[in-house]
Amino acid sequence: VQLQASGGGLVQAGDSLRPSCAASGGTFSSYDMGWFRQAPRKEREFVAAINWSGGSTDYADSVKGRFTISRDNAKNTVYLQMNSLKPEDTAVYYCAAVYHSYRASYYPPPTKANEYDYWGQGTLVTVSS
C-alpha cells in the first residue's frame, strides 16, 4: 500500500490543523493506521493510531484531549485533527499502515514504529509561539 500525507502547514499556537493521509494500492479497511512525528534532532515518536475497523484508538499522552484520529474507509483516508496546537507539536508528521484485519474489531492498534510496514513521506507542521 502507498501512503501520501498532506495538510501540514504553518500555524500559530492555539490554532487547529487537520493533516490527512491517503492510501492506495491495497484494501485500506484492512489496515491499522498510525501517525508518528519527528522533530529536529529528536527520535520519531508515536502520536495516534486507529485500528482497521475504527473500533479502537490510542494516543500519546502529550496529545490526548487535543488530537483526534479518524478514518474514512470509503475515501481510503485517515485524518489527524489537531487542536490547541503548541510550539512543541512542531515536527514532520508521518502516517503508517500495517495489515491487521485478521484481528478482532476491538483489538487496539500498535503504537511502536517498528510494528508498521508501510510509511508515507511526511508532512511538516510548524507551530509558532
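Numbers here simply count residues along the sequence, with the first being 1.
For Asn114, the side chain to side chain donor-acceptor pair (under 3.5 Å) criterion is met by no residue, not counting sequence neighbours. Legend: residues meeting ring pair (Phe, Tyr, Trp, His ring centres under 6.0 Å) with Tyr99, ordered by chain and number and at least two apart, are Tyr31. Shown here are the ring pair (Phe, Tyr, Trp, His ring centres under 6.0 Å) partners of Tyr106, two or more places apart in sequence or in another chain: there are none. For Glu115, the side-chain contact (heavy atoms from CB on, under 4.5 Å) criterion is met by Pro110, Lys112, not counting sequence neighbours. Under the rule for a side-chain contact (heavy atoms from CB on, under 4.5 Å), the partners of Thr77 that lie at least two apart in sequence or sit in another chain are Ser20, Ala22, Lys75, Tyr79. With sequence neighbours left out, the side-chain contact (heavy atoms from CB on, under 4.5 Å) criterion links Asp117 to Val98. Arg44 meets the side-chain contact (heavy atoms from CB on, under 4.5 Å) test with Phe36, Gln38, Tyr94, Trp119; sequence neighbours excluded.
If you take OH on Tyr102 and OH on Tyr107, they are separated by 8.5 Å, rounding to the nearest 0.5 Å.
Contact between Ile50 and Ser70 at its shortest, heavy atoms only, is CD1-CA, 4.0 Å. Closest non-hydrogen pair, Val1 versus Gly26, comes out as CG2-N, 4.3 Å. The heavy-atom pair separating Val47 from Tyr93 by the smallest distance is CG2-CE2, 4.2 Å. Closest of all the heavy-atom pairs between Pro108 and Arg103 is O-NH1, 4.0 Å. For Ala23 against Leu3, the heavy-atom pair with the smallest separation is CB-CD2, 3.7 Å.
Counting heavy atoms from C-beta outward, Met82 and Pro19 have side chains that approach closer than 4.5 Å. Residues Ser56 and Pro109 have side chains in contact (heavy-atom distance under 4.5 Å, counting atoms from C-beta outward).
The only member of Tyr118, Phe28, Trp52 that meets side chain to side chain contact (heavy atoms under 4.5 Å, CB included) when paired with Met33 is Phe28. Only one option out of Asp32, Thr57, Asp58 pairs with Asn51 in a side chain to side chain contact (heavy atoms under 4.5 Å, CB included); it is Asp32.
Sequence neighbours left out, not one pair with a member in residues 59-90 passes disulfide (SG to SG under 2.5 Å). Sorted by first and then second residue, the disulfide (SG to SG under 2.5 Å) pairs involving residues 30-90 (not counting sequence neighbours) form an empty list. Residue pairs meeting the disulfide (SG to SG under 2.5 Å) criterion with at least one partner in residues 70-129, sequence neighbours excluded, are Cys21-Cys95. For the disulfide (SG to SG under 2.5 Å) condition, no pair includes a residue of residues 96-129, sequence neighbours left out.
Checking side-chain atoms of Gln121 against main-chain N and O of Ala5 turns up a donor-acceptor pair under 3.5 Å.
Phe46 and Ile69 fall into different hydrophobic clusters, where Ile, Leu, Val, Met, Phe, Trp and Tyr residues are linked whenever their side-chain heavy atoms come under 4.5 Å apart, directly or through other members. Cluster annotation: Val63 and Val11 are assigned to the same hydrophobic cluster (Ile/Leu/Val/Met/Phe/Trp/Tyr, side-chain heavy-atom contacts under 4.5 Å, transitive).
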Determine all donor-acceptor pairs shorter than 3.5 Å in which one atom belongs to a side chain in residues 84-92; sequence neighbours excluded.
residue	atom	partner	partner atom	Å
Asp89	OD1	Arg37	NH1	2.9
Asp89	OD1	Arg66	NH2	3.0
Asp89	OD2	Arg66	NH1	2.7
Asp89	OD2	Arg66	NH2	3.4
Asp89	OD2	Lys86	N	2.8
Thr90	OG1	Pro87	O	2.9
Thr90	OG1	Val127	N	2.9
Thr90	OG1	Val127	O	3.4

